[in-house]
Amino acid sequence: SNVLDIVVTILSFALELVVYELARQHAVTATGTESAAGNLAFVRAVRPLARIARICRVCMRGYNTRRNLRAMARRMVSQNKRRFVEAGWDIDLVYVTEDKTLVGMSTPATGATAMYRNNVADVARFFNTRHEERYWIYNVTAECQYPVDAFHGRFSRYAMDDHNVMPLWRMREFCAELERRSAAEPGMCSAIHCRGGKGRTGLMVCAWLLHSRACSTAKEALALWARRRTDDAKPGKEQGVQTASQVRYVSYVERMLRG
């Protein structure tokens with residue numbers, strides 16, 4: 001869009017120069033002559049195009065300003081959480097594992113909330129482009145609602161209130177679903193989110209890291225999530241699981257798996 005803005009600016013400037021030059025020539029040409037009449041007719045024909053070009057330029061600047069403000073708002077809200085900034089993407093999510101089969105992110109959103117959260121259309125485009133049909137979205141909030149049609153039915157919900165935990169039997173069901181889908185589709189990307197993509201997301205990410213044997217201890221899982229989610233290049237606190245009950249439940253999952 002920046003390139004388009006430059007093109008529109010150059011074209012509008014060129015048109016304005018043409019209009020100015022023809023108007024100047026008309027001013028010094030004898031009134032009533034055929035040349036003057038022709039110049040005047042051309043000026044009248046071109047002038048609306050110059051106005052349209054100026055309007056396009058203003059609209060492009062307005063669009064770019066809105067986009068920049070939206071990006072600024074999202075970065076302010078995400079604080080020092082690591083974002084996926086690559087190949088034209090700037091989205092509040094992180095790959096947790098090296099094989100890119102586990103994602104933690106903030107909620108997809110619509111309306112005014114999409115000004116500072118991930119726009120649901122952007123999230124759908126991200127997964128449909130980068131993972132095609134090998135992904136599944138897991139909403140682990142009780143409050144976040146958004147249209148899921150763009151995900152083509154690849155969506156599950158495990159409701160949990162903010163700063164709370166999920167019953168262990170429900171966490172076991174969650175891990176069982178991830179295991180089943182991962183086995184059915186090699187390379188399956190499991191994308192887990194709460195509202196801000198930190199506490200509840202981290203709890204369930206850590207549960208899966210333990211269940212899948214990617215981590216052997218609760219401490220290791222919690223440290224991995226905090227390391228992946230925190231952008232060390234920005235000032236701020238560690239963006240890991242911090243609610244005491246959520247940290248405790250990660251250790252419960254470790255004990256449960258050990259029998």
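Just so you know, these numbers come straight off a predicted model, no measurement behind them. We use all heavy atoms of the structure for the numbers below, so side chains are in, but hydrogens, waters and symmetry mates are not.
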Please assess Arg200 against Asp162 for the test salt bridge (Lys or Arg N to Asp or Glu O under 4.0 Å), listing each intermediate value before the final yes or no.
CA-CA 7 Å; Arg200 287 172 288 181; Asp162 199 10; 3.5 Å; yes
Let me check something: do [X] and [Y] share a hydrophobic cluster, defined by ILVMFWY side-chain heavy atoms less than 4.5 Å apart, either directly or through other members?
X      : Y      : result
Val85  : Phe127 : no
Val205 : Phe155 : no
Tyr116 : Phe84  : no
Trp208 : Met166 : yes
Val250 : Leu178 : yes

Do [X] and [Y] make a side-chain contact, defined as non-hydrogen atoms from C-beta onward lying under 4.5 Å apart?
X      : Y      : result
Thr201 : Arg195 : no
Lys237 : Gln242 : yes
Cys215 : Leu224 : yes
Met160 : Met204 : yes
Val103 : Cys189 : yes
Leu93  : His193 : no
Lys234 : Gln239 : no
His152 : Glu133 : no

Name all residues meeting the salt bridge (Lys or Arg N to Asp or Glu O under 4.0 Å) criterion together with Arg228; count only those two or more places apart in sequence or in a different chain, and write none if there are none.
Glu98
How far does OH of Tyr249 sit from SG of Cys206, to the nearest 0.5 angstrom?
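Between atom OH of Tyr249 and atom SG of Cys206 there are 15.5 Å.
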Distance in Å, Arg117 CZ paired with Tyr146 OH, rounded so as to fall on 0.5 Å steps
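One finds 13.0 Å between CZ of Arg117 and OH of Tyr146.
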Sequence-distant partners of Tyr158, side-chain hydrogen bond (donor to acceptor under 3.5 Å, both in side chains), two or more places apart
Glu177
What are the two closest non-hydrogen atoms of [X] and [Y], and how far apart are they?
X      : Y      : result
His163 : Thr243 : ND1-OG1, 3.6 Å
Ala150 : Tyr135 : O-OH, 4.0 Å
Ala121 : Asn119 : N-OD1, 2.8 Å
Ala114 : Ala109 : CB-O, 3.7 Å
Leu222 : Val247 : CD1-CG1, 3.9 Å
Ser190 : Ser182 : OG-OG, 4.4 Å

Using the side chain to side chain donor-acceptor pair (under 3.5 Å) rule, pick out the option among Arg248, Arg255, Glu254 that qualifies with Tyr252.
Arg248
Any sub-3.5 Å donor-acceptor pair from [X]'s side-chain atoms to [Y]'s backbone N or O?
X      : Y      : answer
Asp92  : Asn118 : no
Gln246 : Asn164 : yes
Arg157 : Ala142 : yes
Arg82  : Arg229 : no

Mind running side-chain contact (heavy atoms from CB on, under 4.5 Å) on Met105 and Ile91 for me, showing each step along the way?
CA-CA 9 Å; Met105 63 182 185; Ile91 192 165; over 6 Å; no
More than 12 heavy atoms from other groups under 6.0 Å of CZ on Arg181:
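Enclosed.
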Students often mix this up, so state it plainly: with edges at 30° and 60°, are the rings of Trp89 and Phe126 parallel, tilted or perpendicular?
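Trp89 vs Phe126 ring planes: perpendicular.
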Classify the ring geometry of Tyr138 against Trp136: parallel below 30°, tilted from 30° to 60°, perpendicular beyond 60°.
tilted
Any residue meeting ring pair (Phe, Tyr, Trp, His ring centres under 6.0 Å) with Trp225, in chain and number order, not counting sequence neighbours:
none
Partner of Cys194 under side chain to side chain contact (heavy atoms under 4.5 Å, CB included), chosen from Thr107, Val140, Leu203
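Only one option passes, and that is Val140.
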For the pair Arg130 and Glu86, evaluate side-chain contact (heavy atoms from CB on, under 4.5 Å) and give the outcome as yes or no after the intermediate values.
CA-CA 12 Å; Arg130 292 181 63 89; Glu86 184 180 309; 4.2 Å; yes
